[in-house]
Amino acid sequence: MNHTIGNRRIIGAVILSLAMCFTSCSRREKVLTFAVGGAPNELDFWEQLCENFQKETGIEVNLIRQPTDTDQRRQGLMVGLRAKKSDPDIFLMDVAWIGQFAASGWLEDLNSLPQSESIEVEKFFPTVVNLAGIYEGKLIALPIYVDGGLLYYRTDLLEKYGFRRPPETWKELIDMSTKVQARERATNPDFWGFVWQGAQYEGLVCNFLEFAVSNNGGLLLEDGKISVNTLENVQALQFMRDLICNYRISPPNTFTEMKEEEVRIFFQQGNALFERNWPYAWGNHQSESSPVKGKVGISPLPSFPGGRKASTLGGWHLGISIFSDSKKEAAQFLKYVTSYGIQKQLALNLGWNPGRVDIYEDPEVLSRLPHLKDLRVVFENAYARPNVPYYTQISEVLQRYINAVLAGKMEPVEALVKSEEEISEVVRNYAR
C-alpha cells in the first residue's frame, strides 16, 4: 500500500513537472519577432536594444536580420505577409512601401492596440505622420528614421566668390554655379556647379518630384486618377535637362551614372559647389579623411518663383502585422522604440534623424549633431510620394521617361504624355 502511494506521488510529480514544462515551453514559444535590416553596426545596435527591452519588460524579442538591400527586405516581408504568417510581429518599412502594405490589409491600426493611448504620436513630425503614417483614417505606422532631399554647399567657395548665403531659388543656384564653376576650372578642370541623382532608378523620381513640387507641380492624385502631364511638371523636367545640356553646370554622366553614392563621392572629392543628396552624406563629408571636412553647409533645396521649397520624404517607419499573435507585446515594443530615450540613442549612436521633433531640441544631440537644427526645416517641407499600392509601377514608368528626356531621346511634353498614359493603365488594371 505504501509502495502504491509512493508510486502515485512519483507519477503525480512527473505529470506536474511535464505540465510545467509544457506551460514553460508554450510561454517561450510566444516570442516577439522584429524584422529589421541595414548595415552591420545598425543590426548590432538593434540586437542590443532588443536585449535591453527584454531586461526591462521580460518580453523576449527575436531579431530577424534582413539584408541591407531595400528591395530584398520588402520582398522578404511580403512573402510572410501574403501567407498570413504571424511572424514577424513588428517590422521596419521604407516609406515607399507603406501604401502597398496598408492597401493589402497587412498593417494593424495602432490606435486599436492595448496601451495605444500611451504612444506619443503628437511628439512626431505631424507632416510626416499625416503624409505617410495614416491610411484611410487609420494610424498604421510611425516614423523611426526621417529622410529628405536637401542641398549641400561649399561654404568656403561661396564666401570666396562673394555669396553670403546658399541659393533660395533655382536661378540663384544657376548664377552661383556658373560663376564659381568658371573660376574653379582654372585649377580643377573636373569641377562642376551642381551634382544630383539622374540615373534611371528610384532616386531620379525623388529628384523630379522636388523640382516639380518647387514649381507648384508634382503627382496629382484625385478620384483614383494621377495627373503627370501638367505645365508645371513639363517646365521642371525641361529645367532638369537644361542643367546638363544648356546651363552645363551638371556633368554629362548625370543621367547614366549619378546615384546617391556617385554624387556623394564626386562632391566629397571637392569637384562640385552644390550637391543634392540625403542626410546620410553629412557624416561622410565631415569624416577625418574627407577633403571637404569643415567646408560644407546644408539648406533646403531652392524653388522656382512662386513655388515652395520641397524635399521628397524618405525614411523608415515601424508597423505591426495584422497577423501578429503578440500584438500587446508588439505595442509595448513600439512604445519603447518611439520613446524619447531610444530615439535619442538612435541619433547619437547611429546618426539617424529621429521621427520625434523634440529630439531636435535636445542640447546633447545638437552639440554632437549640430546639422539637425537645419534638417528639421527640411523635414517640415517634406513631400510624400503617392501613398498607393501600385507606386512601384508608377515609379518604373516615370524613371524610364524622365531619364529618356535627360538623355535627349525625348521631349518633356512627349515623355509626360506617355507617362500619364501608362500610369493610367496601371491604375485601371489595379482597379479591376
Side-chain angles (χ1 to χ4, degrees), residues 29-38 42-43 45-47 49-54 56-66 70 73-125 128-146 315-340 342-343 346 352 354-356 387 389:
E29 286 174 0
K30 195 174 180 60
V31 175
L32 184 65
T33 52
F34 172 45
V36 62
E42 294 173 337
L43 291 172
F45 175 86
W46 286 112
E47 192 85 58
L49 183 144
C50 291
E51 291 180 13
N52 294 340
F53 174 75
Q54 182 174 344
E56 291 187 25
T57 64
I59 300 171
E60 184 178 350
V61 182
N62 178 23
L63 183 71
I64 300 175
R65 291 183 170 232
Q66 293 187 284
T70 301
R73 292 166 69 173
R74 179 174 66 90
Q75 292 295 338
L77 288 172
M78 288 173 61
V79 169
L81 291 168
R82 281 174 172 160
K84 299 183 179 182
K85 292 185 177 181
S86 59
D87 294 332
D89 299 289
I90 187 167
F91 42 79
L92 279 186
M93 299 174 286
D94 187 290
V95 67
W97 310 343
I98 296 177
Q100 179 184 11
F101 282 29
S104 299
W106 295 337
L107 299 178
E108 182 64 61
D109 179 1
L110 301 183
N111 285 328
S112 69
L113 294 170
Q115 302 178 337
S116 61
E117 68 281 355
S118 62
I119 299 173
E120 300 176 296
V121 180
E122 71 282 356
K123 299 294 186 181
F124 290 78
F125 282 101
V128 177
V129 172
N130 291 331
L131 288 175
I134 295 177
Y135 186 84
E136 295 184 346
K138 297 179 180 179
L139 178 68
I140 41 82
L142 280 176
I144 301 303
Y145 171 71
V146 184
W316 294 86
H317 283 57
L318 196 62
I320 294 175
S321 169
I322 199 165
F323 308 115
S324 167
D325 57 0
S326 303
K327 291 179 182 177
K328 179 180 178 181
E329 293 80 4
Q332 287 181 260
F333 187 72
L334 183 141
K335 178 185 175 183
Y336 180 77
V337 174
T338 58
S339 67
Y340 188 97
I342 299 303
Q343 286 275 288
L346 284 167
W352 281 21
R356 290 182 65 118
N387 196 10

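Computed from a prediction, not measured in an experiment: that's the story for all the values here.
A 4.5 Å side-chain heavy-atom check between Phe34 and Leu318 finds at least one atom pair inside the cut-off. Side-chain contact between Tyr135 and Asn387 is present, with at least one heavy-atom pair separated by less than 4.5 Å.
Residues Leu81 and Ser321 come closest through the heavy atom pair CD2-OG, 3.6 Å. Heavy-atom minimum distance, Phe323 versus Gly105: CZ-O, 4.4 Å. In this structure, Ile98 and Ala141 approach most closely via the heavy-atom pair CD1-CB, 4.2 Å. Summarising the geometry of Phe125 relative to Pro354, their closest heavy-atom pair is CE1-O, 3.8 Å, with the distance given to 0.1 Å.
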- Message: Pair Leu110, Ile320 - check side chain to side chain contact (heavy atoms under 4.5 Å, CB included), show working.
- Response: CA-CA 8 Å; Leu110 301 183; Ile320 294 175; 4.0 Å; yes
- Task: Mind running side chain to side chain contact (heavy atoms under 4.5 Å, CB included) on Ile144 and Gln343 for me, showing each step along the way?
- Result: CA-CA 8 Å; Ile144 301 303; Gln343 286 275 288; 3.9 Å; yes
- May I have the step-by-step check of side chain to side chain contact (heavy atoms under 4.5 Å, CB included) for Trp46 and Val61, ending in yes or no? CA-CA 11 Å; Trp46 286 112; Val61 182; over 6 Å; no
- Would Gln66 and Leu77 count as a side chain to side chain contact (heavy atoms under 4.5 Å, CB included) if you check the C-alpha gap in whole Å, the side-chain angles of each, and the deciding distance to 0.1 Å? CA-CA 9 Å; Gln66 293 187 284; Leu77 288 172; 3.5 Å; yes
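No donor-acceptor distance shorter than 3.5 angstrom exists from the side chain of Ser104 to the backbone of Trp106, with no hydrogens or angles considered.
In this structure, the side-chain hydrogen bond (donor to acceptor under 3.5 Å, both in side chains) partners of Glu108, at least two apart in sequence or on a different chain, are Ser112, Lys327. Scanning for ring pair (Phe, Tyr, Trp, His ring centres under 6.0 Å) contacts around Phe53 gives Phe333, Tyr336, with sequence neighbours left out. Residues satisfying the ring pair (Phe, Tyr, Trp, His ring centres under 6.0 Å) test with Trp316, not counting sequence neighbours, are Trp97. The salt bridge (Lys or Arg N to Asp or Glu O under 4.0 Å) test applied to Arg73 returns no partner, not counting sequence neighbours. Partners of Glu42 under the side-chain hydrogen bond (donor to acceptor under 3.5 Å, both in side chains) rule, at least two apart in sequence or in another chain, are Trp352. In terms of the salt bridge (Lys or Arg N to Asp or Glu O under 4.0 Å) criterion, residue partners of Glu47 (sequence neighbours excluded) are, by chain and number, Arg65. Applying the side-chain hydrogen bond (donor to acceptor under 3.5 Å, both in side chains) test to Asn52 and every residue at least two apart in sequence or in another chain returns Gln48. For Lys138, the side-chain contact (heavy atoms from CB on, under 4.5 Å) criterion is met by Asp109, Ile140, not counting sequence neighbours.
Distance check: Ile342 CD1 to Lys335 NZ gives 12.5 Å after rounding to the nearest 0.5 Å. With rounding to the nearest 0.5 Å, the separation of OG in Ser339 from CG in Leu334 is 10.0 Å. Here the straight-line distance linking atom CG of Leu63 with atom CG of Leu49 works out to 9.5 Å at 0.5 Å rounding. Atom CD of Glu60 is separated from atom CD of Glu51 by 10.5 Å, given to the nearest 0.5 angstrom.
Partner of Phe124 under the side-chain contact (heavy atoms from CB on, under 4.5 Å) criterion, chosen from Val129, Val146, Asn130: Val129.
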Show every donor-acceptor pair shorter than 3.5 Å between a side-chain atom in residues 85-96 and any protein atom, with sequence neighbours excluded, or say none if there are none.
unit_1, atom_1, unit_2, atom_2, d
Asp87, OD1, Thr33, OG1, 3.0
Asp89, OD1, Ser324, OG, 2.7
Asp89, OD2, Thr33, N, 2.8
Asp89, OD2, Thr33, OG1, 2.8
Asp94, OD1, Ala96, N, 2.8

